[in-house]
Amino acid sequence: QAVTTYTVQASGDVTGCKVVLEGAAATSMNRMAGFCGNTKKMKPYLDADKKPVSRTVTMTTTITVE
């Protein structure tokens, strides 16, 4: 399992990015670790008034090996 967490600031800057890899399948997901190093800016999230706002994103990826 890989858990990636980051914040997209109102400016679009990506901050606080971290990837936690767990379990035997974690070695298969090393490319997720590159996300933090390669992602510096994203399109910001917008509020109901279409103004940019900060949002924290958490992505959980699970791989099953049988």
Side-chain angles (χ1 to χ4, degrees):
Q1 178 172 308
V3 179
T4 305
T5 305
Y6 59 91
T7 300
V8 179
Q9 301 295 334
S11 65
D13 292 328
V14 176
T15 61
C17 189
K18 77 175 183 178
V19 178
V20 177
L21 302 172
E22 299 174 352
T27 56
S28 301
M29 296 187 289
N30 276 338
R31 67 180 179 271
M32 292 297 294
F35 177 85
C36 288
N38 296 327
T39 306
K40 303 294 183 208
K41 198 125 179 134
M42 299 178 92
K43 185 175 179 179
Y45 289 90
L46 304 176
D47 66 11
D49 296 322
K50 306 291 186 206
K51 293 184 180 176
V53 293
S54 175
R55 292 284 187 258
T56 298
V57 177
T58 300
M59 296 185 296
T60 303
T61 305
T62 301
I63 293 178
T64 302
V65 178
E66 297 179 6

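None of these values were measured; they are calculated from a predicted model.
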Tell me which donor-acceptor pairs under 3.5 Å the side chains of residues 12-20 have, and how far apart each pair is, sequence neighbours excluded?
from: Asp13; atom 1: OD1; to: Lys41; atom 2: NZ; distance (Å): 3.0
from: Asp13; atom 1: OD2; to: Ser11; atom 2: OG; distance (Å): 3.0
from: Thr15; atom 1: OG1; to: Gln9; atom 2: NE2; distance (Å): 2.8

Solution key, residues 46-55 side-chain donor-acceptor pairs under 3.5 Å, sequence neighbours excluded:
from: Asp47; atom 1: OD1; to: Asp49; atom 2: N; distance (Å): 2.9
from: Asp47; atom 1: OD1; to: Lys50; atom 2: N; distance (Å): 3.1
from: Asp47; atom 1: OD1; to: Lys51; atom 2: N; distance (Å): 2.9

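- The cluster map of Ile, Leu, Val, Met, Phe, Trp and Tyr, joined by side-chain heavy atoms under 4.5 Å apart, puts Met42 and Val57 in the same cluster.
- Nearest heavy-atom pair across Pro44 and Val8 is CA-CG1, 3.9 Å.
- Judged as a side chain to side chain donor-acceptor pair (under 3.5 Å), and not counting sequence neighbours, the contacts of Thr7 are Thr56.
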